[in-house]
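For reference, the structure is listed below as structure tokens.
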Amino acid sequence: MVHLGWIGGVTGLVLATAISLYANMLVAKLHEFRGKRHIRYRDLAAEIYGRKAYYLTWALQYVNLFMINIGFLILGASSLKACYVLFVEEVTMKLPYFTAIAGFVCILFAISTPNLSSLRVWLACSTILSLIYIVVASVLAAKDGMNAPPRDYSIHGTTATKIFSIIGASSNLMFAFNTGMVPEIQATLRQPAVGNMLKALYFQFTIGVVPMYAIIFIGYWAYGASASTYLLSNVSGPVWVKAAANISAFLQSVIALHIFASPAYEYMDTKFKITGGAFELKSLTFRIVARGGYLVISSTVSALLPFLGDFESLTGALSTFPLTFILASHMYLVAKKSSLSSLQQSWLWLNVVFFSCMSIAATVAAIRLIVVDSKKYHVFADV
């Protein structure tokens, strides 16, 4: 919203919601392609294109998931720091220290939660934690907005800066709605699988987006161009309420990171044939080494370049656009070509070409943002 303004931001959010729903529906409709269920995106790509597409899709997915994990580590560190600042007058600990703490907690959680099945009870906790953050941030921001003087809603910067910022913000919009993991997330749905996947998507992109819309619009209305990436950094109110919201955001980031890191964990478990009980010595040792190593690398990258918005832009450009829009449209075109009209085929080709151009432009914009911020803040910055 800060880079798009009211008109661009509202229009962009609505369009991103509709486009993301459409693209994910295409993937859902291919879930049972050629008479069998494909519970991994890369398996579906291999079925349609051949084995080489399996590895390309696999690479794009893991780039996407790694970047999402970076974002959650930065979010977790930011929430811990925001909580720390509430209780300490003289701030001595900087963001990289909190990134290390967040990474360590994530390692402990990854070791003690061996697979997605064992995560079931945590998903309910995740929902509650998200609602706590959203409700507290929205209420406190609304209170600030009602008591604040007129805000500045203009888009700042030179013409070139505005153009790159708008492209980067557009990439953020697509990243916010998509994971490139629709088959994996919906793999356990009962029959009819495709019908149930579509119902889940309809819910996600209607009722499910309301809380996100609420906090975005309220936050921007309350603070305008001065709204921060992490909204709780702006709000004022009772310390204990803000602390609860920050802790909720931190715990939610730990759970969410584990969900999006699970495909990488599954790959490592399968690659090295780790079987047996979750807490047998071999299995436990492997999780400590493999998952711990993965998260140490992720935490190091997060601490080196802690620019959350920039990483969201780069993730959207490098993997979300190709996975969710370019690949989904082209896969559907190839798989259903014989049953599609010429108009439908032209529409899908238009999607492929348009989002390919968007991906290239967004990549350039995101890299520029990271270079600019890197010059401004240096590595291991306290942002």
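Treat the numbers as computed from the prediction; the structure is a model and nothing was measured. All residue numbers in this chain count up from 1 along the given sequence.
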Does [X] share a hydrophobic cluster with [Y], counting links as ILVMFWY side-chain heavy atoms below 4.5 Å and allowing steps through other members?
| X | Y | result |
| --- | --- | --- |
| Val241 | Tyr133 | yes |
| Tyr55 | Leu60 | no |
| Val289 | Leu281 | no |
| Trp122 | Leu108 | no |
| Met93 | Leu86 | no |

Within the side chain of [X], is there an N or O that forms a donor-acceptor pair under 3.5 Å with the backbone of [Y]?
| X | Y | result |
| --- | --- | --- |
| His258 | Thr113 | yes |
| Tyr84 | Lys94 | no |
| Arg151 | Gly145 | yes |
| Tyr332 | Ala23 | no |
| Ser79 | Gly76 | yes |
| Thr324 | Phe321 | no |
| Asn234 | Ser228 | yes |
| His31 | His38 | yes |
| Arg287 | Asp269 | no |

If you look at every heavy atom in [X] and [Y], which pair is closest and at what distance?
| X | Y | answer |
| --- | --- | --- |
| Ala141 | Ala222 | O-CB, 3.1 Å |
| Gly224 | Val2 | O-CG2, 3.9 Å |
| Ala335 | Phe33 | CB-CE1, 3.5 Å |
| Gly5 | Tyr220 | CA-OH, 3.5 Å |
| Gly103 | Ser299 | CA-OG, 3.3 Å |
| Arg34 | Glu47 | NH1-O, 2.8 Å |

All pairs passing side-chain hydrogen bond (donor to acceptor under 3.5 Å, both in side chains) where residues 67-76 contributes a residue, at least two apart: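 For residues 67-76: Asn69-Tyr294.
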Residue pairs, two or more places apart or on separate chains, that pass side-chain hydrogen bond (donor to acceptor under 3.5 Å, both in side chains) and touch residues 340-353: Tyr22-Trp347, Ser341-Gln344
Worked check of side chain to side chain contact (heavy atoms under 4.5 Å, CB included) between Leu173 and Leu4: CA-CA 11 Å; Leu173 287 173; Leu4 297 173; 3.9 Å; yes
Any chance you could measure [X], atom [atom1], to [Y], atom [atom2], to the nearest 0.5 Å?
| X | Y | atom1 | atom2 | answer |
| --- | --- | --- | --- | --- |
| Leu348 | Ile326 | CG | CD1 | 13.5 Å |
| Leu44 | Tyr54 | CG | OH | 12.5 Å |
| Leu30 | Lys336 | CG | NZ | 6.0 Å |
| Ser78 | Leu73 | OG | CG | 10.5 Å |
| Ser226 | Tyr153 | OG | OH | 9.0 Å |
| Ser20 | Met174 | OG | CE | 5.5 Å |

Flag for Tyr49-His330: side-chain donor and acceptor within less than 3.5 Å: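 A pair is found: one side chain offers a donor N or O, the other an acceptor, under 3.5 Å apart.
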Evaluation steps, side chain to side chain contact (heavy atoms under 4.5 Å, CB included), between Val352 and Leu333: CA-CA 10 Å; Val352 171; Leu333 179 66; 5.7 Å; no
Derivation and outcome, side chain to side chain contact (heavy atoms under 4.5 Å, CB included), residues Phe177 and Asn24: CA-CA 10 Å; Phe177 290 102; Asn24 283 283; over 6 Å; no
Would you be so kind as to tabulate the donor-acceptor pairs closer than 3.5 Å made by side chains of residues 243-257, with sequence neighbours excluded?
from: Asn246; atom 1: OD1; to: Tyr230; atom 2: OH; distance (Å): 2.6
from: Asn246; atom 1: ND2; to: Lys242; atom 2: O; distance (Å): 2.9
from: Ser248; atom 1: OG; to: Ala244; atom 2: O; distance (Å): 2.8
from: Gln252; atom 1: OE1; to: Ser126; atom 2: OG; distance (Å): 2.5
from: Gln252; atom 1: NE2; to: Ser126; atom 2: OG; distance (Å): 3.4
from: Gln252; atom 1: NE2; to: Ser130; atom 2: OG; distance (Å): 3.3
from: Ser253; atom 1: OG; to: Phe250; atom 2: O; distance (Å): 2.5

Close side-chain approach of Thr127 to Leu123, heavy-atom, < 4.5 Å: no
Residue pair Ser170 / Met358, side-chain heavy-atom distance below 4.5 Å: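 Ser170 reaches Met358 side chain to side chain.
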Results of side chain to side chain contact (heavy atoms under 4.5 Å, CB included) for Val364 - residues two or more places apart only: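 Expected list: Phe164.
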Partners meeting side chain to side chain contact (heavy atoms under 4.5 Å, CB included) with Phe272 (sequence neighbours left out):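 Listed in chain order: Ile274, Phe286.
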Pair Tyr62 and Trp58, ring centroids less than 6.0 Å apart: yes
Residue that, paired with Leu231, satisfies side-chain contact (heavy atoms from CB on, under 4.5 Å) out of Leu140, Val136, Ile215: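 The side-chain contact (heavy atoms from CB on, under 4.5 Å) with Leu231 is passed solely by Ile215 among Leu140, Val136, Ile215.
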Steps toward side chain to side chain contact (heavy atoms under 4.5 Å, CB included) verdict (Thr99, Lys81): CA-CA 9 Å; Thr99 304; Lys81 182 187 174 185; over 6 Å; no
Flag if over 12 foreign heavy atoms under 6.0 Å of NZ, Lys143: no
Pairs satisfying ring-ring contact (aromatic ring centres under 6.0 Å, His included), at least one member in residues 194-214, at least two apart: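 Of all non-adjacent pairs touching residues 194-214, those that pass ring-ring contact (aromatic ring centres under 6.0 Å, His included) are Tyr213-Phe217.
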